[in-house]
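Heads up, the thing below is written out as structure tokens.
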Amino acid sequence: MTGSSHSKGAIFLIEFLIMLLVFSLACVVALRLFAKADELEKRTADADCATAAALSLSAIVEEYYAGGELPALVMRDGDSFTACFDNESALCLQSDAVYTAKAPLTASENAGGLLIDGVISVYARDLTEAVYTLPLCEFYAKGAA
Amino acid sequence: MAKKDAFSMRINGLSILMLLILLCITVFAALALVSANAELKLSQKNSDHIADRAYCDRDAQQQLAALCDELAGGTRTADDGELITVESAVFGNTKIKATYIYNDGVLTPVEYKTVNIDASRATGAQAGQ
């Protein structure tokens, strides 16, 4: 009777340990999958944010050359523009910047009008290589409204 | 009979519940990964399309600048009311087709559309924007 009870206890323990092992393994696999998914989502958000920053600076510069005003947070040095963006792609101060968009443009005037040309590069904080580049070219014809 | 009882696997309610929980966690994790991967691909595709369109736009704007320069310099002439079309080079699957009307020395845009090359090949029509 005691032997049978011992045997049952041992089998229960083995069964319990096997279940624990399977549960742990499955949890490790699931956790790794969740972690990878989280990493991919962060990369997606970063890519979207960089694209939005480039588009935003592009629109600001086009509006400026069309006669609009330059927002106070956009720095201008001749035909070069620099703007800092936070993680929601909104203009911000340099100290709060997650992305910095730089647009070194060239303005050339011919008989027909003014041509603004260049490439907007978006840099992430602590990175020297651009994460996204977007060409910007706009022609403002003479006499056009 | 006693031996058979001792080594038989006991599948009780708790085991089934645990297995179900495990299955749910794993399925949700796999779905989260697939969804995140699809979102990343879509985002990259969108960024590429925006860049392609910007390259097409740059090409079209440069052609327009050259055209306006020629018209202003007198090396090219146009009649009032004449429609002038500018077509950019193809970047990715995209090109831009812009039509302007010439009046009193000024080109005014009439139509500015993005053409998807694949869509136009597939349907035989221009998928404009």
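Computed from a predicted structure; not experimentally measured. The basis for the numbers below is simple: all heavy atoms, side chains too, and nothing from hydrogens, waters or symmetry mates. Proteins come first, then strands; the chains are lettered A, B, ... in the order of their sequence lines, and each starts at number 1.
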Quiz prompt | A:Leu114 reachable from A:Val61 in the ILVMFWY side-chain graph, under 4.5 Å edges | solution = yes

Quiz item: Can you name the residues that form a salt bridge (Lys or Arg N to Asp or Glu O under 4.0 Å) with B:Lys45, not counting sequence neighbours?
Solution: none

Self-check item: Under the salt bridge (Lys or Arg N to Asp or Glu O under 4.0 Å) test, residues paired with B:Asp52 that sit two or more places apart
Solution: none

Exercise. Output yes when a side-chain donor or acceptor of B:Gln61 lies under 3.5 Å from a complementary backbone atom of A:Phe139, and no otherwise.
Key: yes

Exercise. State, yes or no, whether a side-chain contact exists between A:Lys36 and B:Asn37 at a heavy-atom distance under 4.5 Å.
Key: no

Quiz item: So, for A:Leu115 and B:Ala65, which heavy atoms are closest and what is the spacing to 0.1 Å?
Solution: CD1-CB, 3.9 Å

Quiz prompt | B:Leu22 to A:Ala26 - nearest heavy-atom pair and separation | solution = CD2-CB, 3.2 Å

Quiz item: Between B:Ser47, B:Ala72, B:Ala30, which has the largest tally of heavy atom pairs under 4.5 Å with chain A?
Solution: B:Ser47

Quiz item: Could you name the residues of residues 66-97 of chain A that have a heavy atom within less than 4.5 Å of a heavy atom in chain B?
Solution: none

Quiz item: Between A:Tyr65 and A:Ile120, is there a shared hydrophobic cluster once you connect ILVMFWY residues whose side-chain heavy atoms come closer than 4.5 Å?
Solution: yes

Self-check item: B:Phe91 reachable from B:Ile50 in the ILVMFWY side-chain graph, under 4.5 Å edges
Solution: no

Quiz item: Can you name the residues of residues 44-57 of chain A that have some heavy atom under 4.5 Å away from a heavy atom in chain B?
Solution: A:Thr44, A:Ala47, A:Asp48, A:Thr51, A:Leu55

Self-check item: Pairwise distance CD(A:Glu39) to CG(B:Leu40) - rounded to 0.5 angstrom
Solution: 10.0 Å

Self-check item: Cluster overlap A:Val29 with A:Phe23, hydrophobic side-chain contacts below 4.5 Å
Solution: no

Practice problem: For B:Arg58 and A:Gly118, work out which heavy atoms get closest and say how close. | Solution: NH2-O, 3.8 Å

Self-check item: Shortest non-hydrogen contact between A:Ala30 and B:Ile25, atoms and distance
Solution: CB-CG2, 3.3 Å

Self-check item: Distance (rounded to the nearest 0.5 Å) between A:Tyr140 OH and B:Leu64 CG
Solution: 12.0 Å

Practice problem: Indicate the atoms forming the closest heavy-atom contact of B:Ala36 with A:Leu40, along with that distance. | Solution: CB-CB, 3.8 Å

Practice problem: Flag yes if A:Tyr123 and A:Tyr99 sit in one hydrophobic cluster, no otherwise; membership is Ile, Leu, Val, Met, Phe, Trp, Tyr, and two members link when side-chain heavy atoms are under 4.5 Å apart. | Solution: no

Quiz item: How far apart are the closest heavy atoms of B:Asp57 and A:Cys137, and which atoms are they?
Solution: OD2-O, 3.7 Å

